[in-house]
Amino acid sequence: MPQDVYNKLMMLAKRRGFIYPSFEIYGGVAGFYDYGPLGSQLKHNIETIWRQFYLLKDSCVEIHTPTITLYEVLKASGHVEEFTDLTVECNKCKHAFKVEDLVKAGVSAEEAVQNGDVSCPDCGTTFTEAHPVNLMFSTYIGIGTGRPAFLRPETAQGIFTNFHLLYRYCREKLPFGVIQVGKGFRNEISPRQGTLRQREFAMAEAEVFFDPENKNHRNFPDVKDKILYLFDNEKEMKLSLKDAVDQGVINNQALAYYMYLTQDFLLTVGINPKKFRFRKHGGDELAHYARECWDAELLSERFGWVECVGIADRSAYDLTAHIDASHVDMYALRKFPTPKEITVKKVLPNMGKLGPLFKRKAGAIQKALEAMTTVPKHPLILTIDGQKISVPSECYEVVETIEKQVGERFVPHVIEPSYGIDRIIYFVLEHSFEEIQKKDEEYRVLHLDPRVAPLKVGVFPLISDERLVEQAMDIDRLLRDALLTTFYDEGGTIGRRYARMDEVGTPLCVTVDHQSLEDLTVTVRDRDSTEQDRVPVDTLIAYLKKRLG
RNA sequence: GCGGAUAUGAUCUAGUGGUUAUGAUAGUGGCUUCCCAAGCCACUUACCCGGGUUCAAAUCCCGGUAUCCGCACCA
């Protein structure tokens, strides 16, 4: 089989300590990968830049919530329902199927099984028992009568369940954004595509809360003329943010702004602009919670266009769901320019009369009366528990009060940029990978941006002469004290050591040679051009930091 | 999950029932004192797992696992 970029890259990644298949000594498990020493640093650098974008360029705040998530949270959010498939298992041949796949379109899966209409396509045995299978990892908190829980399929719910606290933290002003960087878990039926579909994966999400009547963004004017790379499933187009919003291609400023932030981020960490686009979701592929969604897609030589970031308008879906389920006040307040005074008529129940008259039903009647928004007619007939009850007028009185309203309550809308970090890491590697022929040999270079490169500077003595070694080690120490991640290497020929650094994407190499002993200068070699500068040691740190950006 | 293919050191690979399991690359130590994977010497590392057939299995058969290619799934 000819080796494609994916194969070559994954071999390099394993050999050089970026990515390893997990549990390999026990045969490995699909959908799990370890990050080695260099992969961990690369991931760390990418996440650090991501935080700079969301905490500094934008003004989000960061939180951390548990990966183990209570059943009730995901029940309320719709994940328990939407994530479940009814499945059957054949007792005879042990094959498992989704019932949906075995019945005709439009037929209820549950009914079909109950009626004995579903049989095994492999051996013909009729299925009598179906059980729901959820694509989330489930567990219990505590033992015995522990509370059911799942490993979270997204970090977002941890933000939604804290909304009321965060709203207060942000001084009860919209919009505000909250980020979380962490792990998510999905028990994929059959993960393929290597590291692109993992069962445990790193994600970085932002939930930005807006007043639904104003989805403008404060930074929008600064970037309105920047160009977005868009694809509407038919043609690719380049539009400025302003034009995209004005023409209705993108629904609102907030979506457009976070799309630009995403584009800027991806290009900063080293994604090839020619292998990047935004694609709008069609109505049939929208998630259960989403209203409009744009994916940032990256082009892989093997896998084609792959979704790496989703930017969704989740509207009020999640907060509404949690308000309904938990009854916690997660409303925001839209203040009026000046408070309004409204005369309202209220029905005040007279419990002294109601109690003796209706006994047990008095409580329900009290609630019904208090909930009334119009002045009751005589005689007042209420329907309590399906029973019509006539309430005499002495049981309540109608009072007129003046209520002061400072604003109106509403459920905020949320714009969610959600990043698959592992996918981005893969693409940063694939897009920076280059293989060239050098003297009949394949020579591999990772053109990583200096900001994401796990190692910044290689430090070598030209030869293993004691005096050169000593000076090289001193320089290595000097650079580390200046917070530069270095790699000291004195093994093998100088060419081999340069090659090793090129293969892991180290942007610069410092070499100590005989001249260095005389005039305290070193050579600095550039990864991409292989050109060398001779630099005095006393200005080396400033020189390197400038070159590294 | 279905169908097909594949599985030998870190990587690529030879090996068609009996080998001390082939070679190369990489790695490590040394020599060389050298600016782009040079050379020389030495060394480390492998038959995916479990059953079966056979006097004898890396090799044949069955099952599992993983990977790859289609299909399905991918909130």
Side-chain angles (χ1 to χ4, degrees), chain A residues 1 3-4 6-8 10-17 20-32 74 77-85 87-90 93-98 100-102 121-122 133-136 153-154 156 184 186-194 196-199 281 285-290 293 302 306-307 310 312 314 418 420 438-445 458 460-469 490-503 509-515 522-527 529-532 534:
Chain A
M1 186 174 29
Q3 301 283 305
D4 66 5
Y6 174 83
N7 278 325
K8 290 173 178 174
M10 291 311 282
M11 278 163 51
L12 187 158
K14 189 175 169 189
R15 194 156 38 86
R16 291 297 191 204
Y20 312 129
S22 299
F23 321 119
E24 201 182 22
I25 63 167
Y26 293 107
V29 183
F32 292 93
L74 294 159
S77 70
H79 287 88
V80 173
E81 300 289 322
E82 295 292 331
F83 239 37
T84 300
D85 290 316
T87 62
V88 285
E89 194 183 338
C90 181
C93 59
K94 299 291 170 203
H95 292 162
F97 306 92
K98 277 175 68 176
E100 217 172 272
D101 297 339
L102 304 181
D122 292 348
V133 166
N134 192 274
L135 269 43
M136 294 188 288
E154 57 175 10
R186 298 176 186 184
N187 200 358
E188 303 281 356
I189 297 170
S190 158
R192 293 283 188 83
Q193 303 172 309
L196 294 183
R197 257 178 81 197
Q198 299 190 35
R199 287 178 161 131
H281 273 209
E285 55 180 326
L286 284 173
H288 66 275
Y289 49 68
C293 184
R302 175 187 283 201
V306 177
E307 166 201 353
R314 295 176 76 136
S418 173
K438 208 168 178 177
K439 284 196 241 164
D440 296 336
E441 213 177 353
E442 284 150 355
Y443 193 93
R444 287 168 293 270
V445 184
F460 318 135
L462 180 62
I463 55 171
S464 50
D465 177 313
E466 261 180 48
R467 293 168 304 161
L468 298 187
V469 167
E490 58 179 73
T493 63
I494 190 70
R496 181 176 297 273
R497 284 176 276 166
Y498 285 146
R500 279 196 280 252
M501 288 294 97
D502 287 345
E503 202 174 34
C509 292
V510 168
T511 303
V512 174
D513 57 17
H514 292 98
Q515 189 182 333
V522 291
T523 60
V524 178
R525 180 258 194 190
D526 180 88
R527 174 194 65 203
S529 69
T530 76
E531 280 168 17
Q532 295 183 31
R534 188 160 276 278

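Keep in mind that this is a model prediction, so the values were computed, not measured. All chains are named by letter (A, B, ...) in the order of the sequence lines, taking the proteins before the strands, and each is independently numbered beginning at 1.
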Student: Is the side chain of A:R199 donor-acceptor paired with the backbone N or O of A:E188 at a distance under 3.5 Å, no angle test?
Tutor: yes
Student: Please work out if A:D502 contacts a base, only the sugar-phosphate, or nothing of the nucleic acid, heavy-atom cut-off 4.0 Å.
Tutor: nothing
Student: Between B:rU28 and B:rU44, how far apart are the P atoms? Round to whole Å, please.
Tutor: 16 Å
Student: Closest approach to the side chain of A:R197, judged atom by atom: which nucleotide of B:rU33, B:rU11, B:rC74 is it?
Tutor: B:rC74
Student: Measure from CZ on A:F32 to C1' on B:rU67 and round the result to the nearest Å.
Tutor: 16 Å
Student: Need the pair for B:rG17. Rule: Watson-Crick or G-U wobble, both distances under 3.5 Å, any strand; none if unpaired.
Tutor: none
Student: In Å and rounded to the nearest 0.5 Å, what is the CG to CZ distance from A:L12 to A:R444?
Tutor: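 The CG atom of A:L12 sits 6.0 Å away from the CZ atom of A:R444.
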Student: If you round to the nearest 0.5 Å, how far is CG of A:L462 from CD of A:Q515?
Tutor: 11.5 Å
Student: Expressed as a whole number of angstroms, how long is the span from A:K8:NZ to B:rU67:C1'?
Tutor: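 From A:K8 NZ to B:rU67 C1': 19 Å.
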Student: Would you say a side-chain N or O of A:R16 is under 4.0 Å from OP1 or OP2 of B:rA10?
Tutor: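 No, no such contact exists.
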Student: Rounding to a whole Å, what distance do you find between A:I494:CD1 and B:rU32:C1'?
Tutor: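 Checked: the CD1 to C1' distance equals 15 Å.
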Student: Expressed in whole Å, how much space separates the P atoms belonging to B:rC61 and B:rA21?
Tutor: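 After rounding to an integer number of Å, I get 24 Å for this pair.
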Student: Would you say B:rC68 has OP1 or OP2 under 4.0 Å from some side-chain N or O of A:Y6?
Tutor: yes
Student: Taking the P atom in each of B:rA72 and B:rA57, what is the distance between them to the nearest angstrom?
Tutor: 44 Å
Student: Between B:rC35 atom C1' and A:D513 atom CG, what is the distance in whole Å?
Tutor: 8 Å
Student: Answer yes when A:R527 and A:E503 have at least one side-chain N-carboxylate O distance shorter than 4.0 Å, and no when they do not.
Tutor: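 Salt bridge flag = no for A:E503 with A:R527.
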Student: Is there a donor and acceptor pair closer than 3.5 Å between the side chain of A:Q532 and the base of B:rC35?
Tutor: yes
Student: Which nucleotide wins on minimum distance to the side chain of A:R192, given the candidates B:rA37, B:rC35, B:rG70?
Tutor: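 Of B:rA37, B:rC35, B:rG70, B:rG70 is nearest to the side chain of A:R192.
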Student: Tell me which nucleotide among B:rA66, B:rA37, B:rC74 gets nearest to the side chain of A:A30.
Tutor: B:rA66
Student: Under a 3.5 Å cut-off for both distances, is B:rA7 Watson-Crick or wobble paired, and to whom?
Tutor: B:rU65
Student: Could you state the CZ-P distance from A:F23 to B:rU67, rounded to the nearest angstrom?
Tutor: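 Distance, rounded to whole Å: 13 Å.
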Student: If you look at every strand shown and take non-hydrogen atoms under 4.0 Å, does A:E24 touch a base, only sugar-phosphate, or nothing?
Tutor: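 The residue A:E24 makes no contact with any strand.
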Student: Does any nucleotide pair with B:rU32 by Watson-Crick or G-U wobble geometry, both distances under 3.5 Å, and what is it?
Tutor: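 By the stated definition (distances under 3.5 Å), nothing pairs with B:rU32.
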Student: Taking only the P atom of each, what is the distance from B:rU11 to B:rG1 in whole angstrom?
Tutor: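 That atom pair is separated by 26 Å.
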Student: Roughly how far apart, to the nearest Å, are B:rU59 and B:rA46 at atom C1'?
Tutor: 16 Å
Student: Across all strands shown, which nucleotide pairs with B:rU53 by Watson-Crick or G-U wobble geometry, both distances under 3.5 Å?
Tutor: none
Student: Atom CG in A:D502, atom CZ in A:R500: separation rounded to 0.5 Å?
Tutor: 11.5 Å
Student: Using the C1' atoms only, state how far B:rC41 lies from B:rU32, rounded to an integer number of Å.
Tutor: 11 Å
Student: Take atom CD1 of A:I25 and atom P of B:rU65, then tell me their distance rounded to the nearest Å.
Tutor: 19 Å
Student: For B:rG27, does either OP1 or OP2 sit under 4.0 Å from a side-chain N or O belonging to A:R496?
Tutor: yes
Student: What is the nucleic acid contact for A:P21, judged by heavy atoms within less than 4.0 Å: base, sugar-phosphate only, or nothing?
Tutor: nothing
Student: Measuring from A:E490:CD to A:D465:CG, what's the distance to the nearest 0.5 Å?
Tutor: 11.0 Å
Student: Between A:G28 and A:N187, which has a closest nucleotide on RNA chain B that is more 5'?
Tutor: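 Whichever sits nearer the 5' end wins; that is A:G28.
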Student: Taking N and O atoms by type only, does the side chain of A:Y26 place a donor or acceptor under 3.5 Å from a partner on the base of B:rC49?
Tutor: no
Student: Please state whether the phosphate of B:rA38, meaning OP1 or OP2, lies under 4.0 angstrom from any side-chain nitrogen or oxygen of A:T493.
Tutor: yes
Student: Among the nucleotides B:rC36, B:rC35, B:rA37, which one has an atom lying closest to any side-chain atom of A:T511?
Tutor: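 The nucleotide sitting nearest to the side chain is B:rC35.
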Student: Compare the minimum distances between each of B:rC74, B:rC34, B:rG27 and the side chain of A:I463, then state the nucleotide with the smallest one.
Tutor: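 Looking only at heavy atoms from C-beta outward on A:I463, the closest nucleotide is B:rC34.
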Student: Can you check the distance between B:rC49 and B:rU8, where both ends of the measurement are the C1' atom (answer in whole Å)?
Tutor: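 One C1' to the other, the span is 15 Å.
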Student: Could you walk me through whether A:I494 and A:T511 pass side chain to side chain contact (heavy atoms under 4.5 Å, CB included), step by step?
Tutor: CA-CA 9 Å; A:I494 190 70; A:T511 303; 4.0 Å; yes
Student: Provide the Watson-Crick or G-U wobble partner of B:rU59, both distances under 3.5 Å; none if there is no partner.
Tutor: none
Student: Could you state the CZ-C1' distance from A:R500 to B:rC35, rounded to the nearest angstrom?
Tutor: 15 Å
Student: When all nucleic acid strands are considered with a 4.0 Å heavy-atom cut-off, which category describes A:H79: base, sugar-phosphate, or nothing?
Tutor: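 A:H79: base contact, heavy atoms under 4.0 Å.
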Student: Both distances below 3.5 Å, Watson-Crick or wobble geometry, any strand: find the nucleotide opposite B:rA38.
Tutor: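 In the structure as shown, B:rA38 has no Watson-Crick or wobble partner.
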Student: Is the side chain of A:R497 donor-acceptor paired with the backbone N or O of A:F460 at a distance under 3.5 Å, no angle test?
Tutor: no
Student: When rounded to the nearest 0.5 angstrom, what distance separates CZ in A:R186 from CD in A:E154?
Tutor: 7.0 Å
Student: Describe the nucleic acid contact of A:R525 in one word from base, sugar-phosphate, nothing, applying a heavy-atom distance below 4.0 Å.
Tutor: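 Since a base atom lies under 4.0 Å of A:R525, the category is base.
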Student: Tell me which nucleotide, if any, is Watson-Crick or G-U wobble paired with B:rC47 when both distances must be under 3.5 Å.
Tutor: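 Across all strands, not a single nucleotide pairs with B:rC47.
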Student: If you assign each of A:D465 and A:E307 to its closest nucleotide in RNA chain B, which residue comes earlier from the 5' end?
Tutor: A:D465
Student: Could you check how far CG of A:D526 sits from P of B:rC36, rounded to whole Å?
Tutor: 16 Å
Student: Have a look at A:Y443 and say if it touches a base, only the backbone sugar-phosphate, or nothing, with a 4.0 Å heavy-atom cut-off.
Tutor: base
Student: Is B:rC2 paired to anything, Watson-Crick or G-U wobble with both distances less than 3.5 Å, and if yes, which nucleotide?
Tutor: B:rG70
Student: Between B:rC73 and B:rA5, how far apart are the two P atoms, rounded to whole Å?
Tutor: 24 Å
